[in-house]
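A short worksheet on the structure shown next.
Chain naming here is simple, since letters A, B, ... match the order of the sequence lines and numbering starts at 1 in each.
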There are 2 protein chains.
Amino acid sequence: MKKSIQSTAELARHLGLSRWSVSRAINGQGGVSAGTTAQVRAAMEEYGFTPSPHGRALRGHRTGAIGICFRELDTPITIQKVAHIQRLLSRRGFRPLFEFTELDQRMGTDVIRHFISMRVEGVLLVDTPPGPEVNEWQRMLKQHGIPAASVEPVGPITQNSVHLDREEAMARVTAHLAALGHRRFALAGISPEYPLGRVRHNGVMRALAAAKISTAPEILSLPNVRPAGLRYGRQLAELLLARSRQPTAILAINDEVAAGVLWRLQRAGLNCPGDFSLFGFDNLALSEQTTPALSTVDHNVEVVAAAAVDLLGQLIELGPNAKLPVVKIEPHLIVRESIAAPPR
Amino acid sequence: MKKSIQSTAELARHLGLSRWSVSRAINGQGGVSAGTTAQVRAAMEEYGFTPSPHGRALRGHRTGAIGICFRELDTPITIQKVAHIQRLLSRRGFRPLFEFTELDQRMGTDVIRHFISMRVEGVLLVDTPPGPEVNEWQRMLKQHGIPAASVEPVGPITQNSVHLDREEAMARVTAHLAALGHRRFALAGISPEYPLGRVRHNGVMRALAAAKISTAPEILSLPNVRPAGLRYGRQLAELLLARSRQPTAILAINDEVAAGVLWRLQRAGLNCPGDFSLFGFDNLALSEQTTPALSTVDHNVEVVAAAAVDLLGQLIELGPNAKLPVVKIEPHLIVRESIAAPPR
DNA sequence: CTGAAAGCGCTTACAG
DNA sequence: CTGAAAGCGCTTACAG
């Protein structure tokens, strides 16, 4: 079995070089002959040797680590973000250091401290919470010279941030349906009381105004129930069935709720899209698998992730005091079978 | 603004102590007065100071890091595992270092190298791949004195491993239905051709033999299609509808496939559980939200995660050469509305 | 281009 | 109980 190599010193001894030449070859900073560099690189590959991140970090060299802080890993979209960010960072030679705060403010502060002590080169706050703790985190990071970017912040963040343009998404959905002739809209679970709901509601109102539709959309929601899941959709559909006059276009907070609405209304004998048109949100696998297939809004997660990694890259170059404008990502409408002109 | 403290030396200066006393107080190894220890602890809390992991690691002290290697983050179950493992490890004072291999063998080897260079104290291989690369990973880790445990390995692993007892789960499901009088079974997407499918198939066969049922279960599957999703379930249901004689009990590979089967058969006018009984697997949120609510098998993820963290803890104490027996976790049957006696 | 020193933050010996 | 040295693996100055 091949002897394993554990340090630059061992590698140098093995190659008959000085430790310093080896270090220079690894870091490619010049001051060493091309032949030596090639020899060192080859040996690293052969023995699977990577210089100790601890040694490098201590000496003040860049650690190559990026702290990624998530609130929760509870939606497929967040998970897709993780996957893309991981891939994009490693392509740039960074190592992601994932941590989860589980909505706990104190855990969040611990996570930031850990990032600082690990000397990460930058931090990505994904699904950044809306509360004031974020300001404290940013202050801590800035004090240590570590740049941070927000991805999909829930609260209002005015710089160094990337998010899907939800307002635009809803405006487009609404405009699409208005152009088909729809005049009576219902919002299933999209309530202006939640921060992200407000943004989406604004988009609907903007498009209705532009289409000169004065009938306000009907807002369906249940107090004190988390607006998620098939069952929630079914419950909202029941609210709708109790109405004397039905809306012809239903915009759901997400695909699962949309599927629940669909299921319940179909059971009541209504036809989609004959009697009503339906839009989901998120473009989950589920949306493609209902009958009729759901129209929905894709998050463009790949683009969001790329923009976030890009933004952080710029901040790392510019330093922790840089302030870059908010990046809004274009939503992508997916029109499937659940959409048609309203019934006459 | 309070001055921030960055090293044990600064902390010592600030408290008028020697750096060494501070280090001893932090590590609680004795050789320092209780008063000094308390004073140091209080100051750490006040300034939010944590000693540099890089410094500790370099000096040979334990790093407190545990490498967690995942294949993919594609199922809710895997994600629940991540969450529980993270919580349990931090409760023990460890820091999880998450990495994803994305089914790529070379990426996997890189991940293991990274763990080694980070001097993790142990490694958890979650959803361990079935291929030979795992042996290589284990060899690399052992060579560096790092213990590793497998969680839910897909291939056969005979030691230091924790997994749900899938065979037992299917045996219980089958026995439950047999006791209700069912004699004709169908397996939706559970095929003995896949490693985990074989294990589950064995469980069914064992229970059928015990119930003296000689009619072999009908295996529904589609070649070259990944057995997942509502649509797959609907397609399997169509195979079933084409049969002249229908089974009365359907066991699905997971809840999504079960929901697809349910949807399609209901559409064809069949009644669940009047005409057929249906079992899912995974206990996803979805299973509770169909009508009728699906019976299913819960993974006991919390217990799996606890057993895994426990096993790794033991291995860390015993050293990397220890061999502990495989831990099988009891499945938990969730019986809901989709189960009844077969039609007469 | 190459060699040797200094020092990052820490802990583990070893003296007192 | 406390002090001071040595050294983990590395890179960045500084000499040659």
Side-chain angles (χ1 to χ4, degrees), chain A residues 4-40 43-44 47-65 95 113-121 144-145, chain B residues 4-40 43-44 47-65 95 113-121 144-145:
Chain A
S4 87
I5 286 193
Q6 310 255 19
S7 70
T8 50
E10 274 183 50
L11 184 59
R13 212 175 305 132
H14 177 255
L15 294 174
L17 296 167
S18 78
R19 290 142 60 199
W20 302 282
S21 302
V22 167
S23 171
R24 282 186 275 249
I26 290 173
N27 293 294
Q29 310 235 32
V32 68
S33 75
T36 308
T37 302
Q39 189 189 4
V40 169
M44 283 177 72
Y47 290 92
F49 169 71
T50 335
S52 156
H54 300 301
R56 309 186 105 178
L58 219 47
R59 198 54 193 84
H61 189 268
R62 59 184 292 269
T63 57
R95 280 279 175 186
R113 274 189 201 157
H114 185 229
F115 286 159
I116 291 170
S117 71
M118 287 299 286
R119 301 208 187 206
V120 299
E121 295 184 44
H144 290 267
Chain B
S4 88
I5 287 193
Q6 310 255 19
S7 69
T8 50
E10 274 183 50
L11 184 58
R13 213 176 303 131
H14 176 256
L15 295 174
L17 296 167
S18 78
R19 291 143 57 199
W20 302 282
S21 302
V22 167
S23 171
R24 281 187 275 250
I26 290 173
N27 292 293
Q29 311 234 30
V32 68
S33 75
T36 309
T37 302
Q39 189 190 2
V40 170
M44 283 177 72
Y47 290 92
F49 169 72
T50 335
S52 156
H54 299 302
R56 309 186 105 178
L58 218 48
R59 197 54 193 84
H61 189 267
R62 57 186 293 269
T63 56
R95 281 279 175 186
R113 274 189 201 158
H114 185 229
F115 285 159
I116 291 169
S117 71
M118 287 300 285
R119 299 206 190 209
V120 299
E121 295 184 44
H144 290 266

Between dC8(D), dT11(D), dT2(D), which nucleotide has the shortest distance from any of its atoms to the side chain of R59(B)?
dC8(D)

Touch check for S18(B), heavy atoms < 4.0 angstrom, all strands: base, sugar-phosphate only, or nothing?
sugar-phosphate

Could you state the atom-to-atom distance from CH2 of W20(A) to P of dT11(D) in whole Å?
13 Å

Calculate the interatomic distance between I26(A) atom CD1 and dT2(C) atom P; express it in whole Å.
15 Å

Choose from dG3(C), dC1(C), dG3(D) the nucleotide whose nearest atom is closest to any side-chain atom of S33(A).
dC1(C)

Would you call the rings of Y47(B) and H14(B) parallel, tilted or perpendicular if under 30° counts as parallel and over 60° as perpendicular?
perpendicular

With sequence neighbours excluded, tell me which residues meet side-chain contact (heavy atoms from CB on, under 4.5 Å) with T8(B).
V22(B), I26(B), F49(B)

Take A9(B) and A34(A), find for each the nucleotide of DNA chain C with the closest heavy atom, and name the residue whose nucleotide sits nearer the 5' end.
A34(A)

Is S7(A) close enough to dC8(D) that one of its side-chain N or O atoms is under 4.0 Å from OP1 or OP2 there?
no

Provide, to the nearest angstrom, the distance between the CG atom belonging to L58(B) and the P atom belonging to dC10(C).
12 Å

Can you tell me if the side-chain N/O atoms of S23(A) get under 4.0 Å from OP1 or OP2 in dC10(D)?
no

Under 3.5 Å, side chain of T63(B) to main-chain N/O of R119(B), donor-acceptor pair present?
yes

Distance in Å, R95(B) CZ paired with M118(B) CE, rounded so as to fall on 0.5 Å steps
12.0 Å

Between E10(A) (CD) and dC8(D) (C1'), how many Å, whole number?
13 Å

Which listed nucleotide (dT12(C), dT2(C), dC10(C)) is nearest to the side chain of R19(B)?
dC10(C)

Find the distance between CZ (R19(A)) and CZ (R13(A)) and round it off to the nearest 0.5 Å.
9.0 Å

Roughly how many Å is it from CG in L17(B) to P in dT2(D), rounded to a whole number?
8 Å

Could you tell me the separation between the CZ atom of R24(B) and the P atom of dC1(D), rounded to a whole number of Å?
11 Å

Taking the side chain of R56(B) as its heavy atoms from C-beta onward, which of dG9(C), dT11(C), dT12(D) lies nearest to it?
dT11(C)

Check this for me: does the side-chain of R119(B) come within 3.5 Å of the base of dG9(D) through a donor and an acceptor?
no

CE of M118(B) versus C1' of dC8(D): gap in Å, rounded?
15 Å

Touch class at under 4.0 angstrom, heavy-atom based, for S52(B) against every strand present:
sugar-phosphate

